[in-house]
Amino acid sequence: ADLHGTLRSLKRVLAPDGHLFVTTPNRYGLRARRDGGMWLDARKKFHLFLFDWRSLKLHLDLIGFREVKRVIFSPITNSGWSAMVKGRMLQTVGLSGSLCVWAKC
């Protein structure tokens with residue numbers, strides 16, 4: 001797998017000033033910390049790289065993406081106020097299972 005080649009290809013096909021939205025498992029999420037390298041997302045064959053916010057930002061910066069920003073939202077789909085609040089809190093402190101990033105070409 002060629003991470004930088006893939007990112008370059010994405011940048012090339014996006015319009016000038018286009019945006020890239022990335023969502024990926026968070027290697028520093030609560031489940032990842034609790035279960036070590038054996039958490040569910042780490043075992044999936046199609047997750048070739050596991051990132052934290054800084055590592056993903058570094059790779060996007062190296063390829064030339066601009067305005068790389070972490071997106072905070074609750075990925076939890078359970079209904080109810082408490083689930084939404086829990087999800088938002090985990091995302092805010094960087095412990096959610098999902099890492100979401102927005103970048104500009």
With a sphere of 6.0 Å drawn around CZ of Arg31, does it hold more than 12 non-hydrogen atoms of other residues, nucleotides or ligands? no

OG1 of Thr6 to CZ of Phe49, rounded to nearest 0.5 Å, is 7.5 Å

Decide whether Leu3 and Leu10 are clustered together by the hydrophobic rule: side chain heavy atoms of Ile, Leu, Val, Met, Phe, Trp, Tyr closer than 4.5 Å, transitively. yes

Just how far is it from atom CG of Leu62 to atom NE2 of His4, taken to the nearest 0.5 Å? 5.5 Å

Checking side-chain contact (heavy atoms from CB on, under 4.5 Å) against Leu99, which of Leu56, Val71, Leu50 comes through? Leu56

Any side-chain heavy atom of Val68 sitting closer than 4.5 Å to one from Asp61? yes

Heavy-atom distance under 4.5 Å between the side chains of Leu20 and Leu60, does that happen here? yes

Could you pull out the closest heavy-atom pair between His19 and Trp102, with the gap in Å? CD2-NE1, 2.7 Å

Single-linkage hydrophobic cluster Leu48~Leu7, side-chain heavy atoms < 4.5 angstrom: yes

If I compare all heavy atoms of Lys11 with all of Gly64, which pair ends up nearest, and what's the gap? CE-O, 3.3 Å

Tell me the closest heavy-atom pair linking Cys100 and Thr23, and the distance in Å. SG-OG1, 3.6 Å

Do Arg66 and Asp17 meet the salt-bridge criterion of a basic N to acidic O distance under 4.0 Å? yes

Under a 4.5 Å cut-off applied to non-hydrogen side-chain atoms, are Val22 and Phe65 in contact? no

Could you tell me whether the side chain of Ser55 and the main chain of Phe51 form a donor-acceptor pair under 3.5 Å? no

Quick one: closest heavy-atom pair of Tyr28 and Arg33, and the distance? O-NE, 2.7 Å

